[in-house]
Amino acid sequence: MASTKDYLDFVLEQLSGLDEVTFREMMGEYILYYRGRVFGGIYDDRLLVKPVPAAVRMIPDASMELPYEGAKEMILVDDVDNREFLRELIESMWEELPEKKKRK
């Protein structure tokens with residue numbers, strides 16, 4: 001099942017307090033970036049984020065889910081209605097996210 005544009009729009013609206021949040025559509029799902037670094041994505045209308053230490057600290061009892069078959073597990077963010085929490089989560093993750101790989 002692919003994610004809907006409506007759910008993407010909802011999540012982007014919830015993240016509107018952050019500058020430089022962008023997305024890229026990929027095979028019916030959406031990869032999410034903050035300040036040029038991938039922090040997660042929308043898969044099957046679920047917001048999943050990378051399990052970096054900051055995210056694990058902020059959501060210690062979150063369930064880990066596969067975005068798609070064969071991928072690494074990611075943290076399911078259930079509290080997408082809480083704008084302040086989402087902003088704090090993404091900002092706290094940024095330092096721990098890998099930088100974009102440069103093409104050769």
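Remember, predicted model here, so these are calculated numbers, not experimental data. Any value given below was found using the heavy atoms of this structure, including those in side chains, with hydrogens, waters and symmetry copies removed.
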Could you walk me through whether Ile42 and Phe23 pass the side chain to side chain contact (heavy atoms under 4.5 Å, CB included) test, one step at a time? CA-CA 10 Å; Ile42 297 175; Phe23 71 93; over 6 Å; no
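Rounded to the nearest 0.5 angstrom, Tyr30 OH and Asp9 CG are separated by 8.0 Å. Taking OG1 of Thr22 as the reference point, atom CD1 of Ile31 lies at 11.0 Å (rounded to 0.5 Å). Put simply, CD1 on Ile90 and CZ on Arg35 are 12.5 Å apart, with the number rounded to the nearest 0.5 Å. For the atom pair CG of Asp19 and OH of Tyr34, the computed distance is 7.0 Å after rounding to the nearest 0.5 Å. Rounded to the nearest 0.5 angstrom, Leu89 CG and Glu84 CD are separated by 11.5 Å. How far CG of Leu32 is from CG of Leu8: 7.0 Å, rounded to the nearest 0.5 Å.
Of all heavy-atom pairs spanning Leu47 and Tyr7, the tightest one is N-OH, 3.8 Å. Closest non-hydrogen pair, Asp45 versus Thr4, comes out as OD1-N, 2.8 Å. Looking at every heavy atom in both residues, Gly28 comes nearest to Ala2 through O-CB, 3.4 Å. Of all the heavy atoms in Glu29 and Asp44, the pair that sits closest is OE1-N, 3.1 Å. In this structure, Leu86 and Gln14 approach most closely via the heavy-atom pair CD1-CB, 3.7 Å.
Applying the side-chain hydrogen bond (donor to acceptor under 3.5 Å, both in side chains) test to Tyr33 and every residue at least two apart in sequence or in another chain returns Arg24. When the side-chain contact (heavy atoms from CB on, under 4.5 Å) test is applied to Glu13, the partners found at least two apart in sequence or on another chain are Ser16, Arg83.
Proximity of a side-chain donor or acceptor of Glu99 to a complementary backbone N or O of Arg37 within less than 3.5 Å is not detected. With Glu96 contributing its side chain and Ala54 its backbone, the two residues share a donor-acceptor pair below 3.5 Å.
Linking Ile, Leu, Val, Met, Phe, Trp and Tyr whenever their side-chain heavy atoms come within less than 4.5 Å leaves Leu12 and Tyr43 in two separate clusters. By the rule that hydrophobic residues join a cluster once side-chain heavy atoms approach within less than 4.5 Å of another member, Val80 and Leu76 end up as members of separate clusters. Residues Val21 and Val77 share a single hydrophobic cluster, defined by chaining ILVMFWY side chains whose heavy atoms lie under 4.5 Å apart. The cluster map of Ile, Leu, Val, Met, Phe, Trp and Tyr, joined by side-chain heavy atoms under 4.5 Å apart, puts Trp94 and Val38 in different clusters.
A heavy-atom distance below 4.5 Å is not found between the side chains of Leu48 and Phe39.
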Result block: side-chain N/O donor-acceptor pairs under 3.5 angstrom for residues 56-75, not counting sequence neighbours:
{"from": "Ser63", "atom 1": "OG", "to": "Glu65", "atom 2": "OE2", "distance (Å)": "3.4"}
{"from": "Glu65", "atom 1": "OE1", "to": "Arg46", "atom 2": "NH1", "distance (Å)": "2.4"}

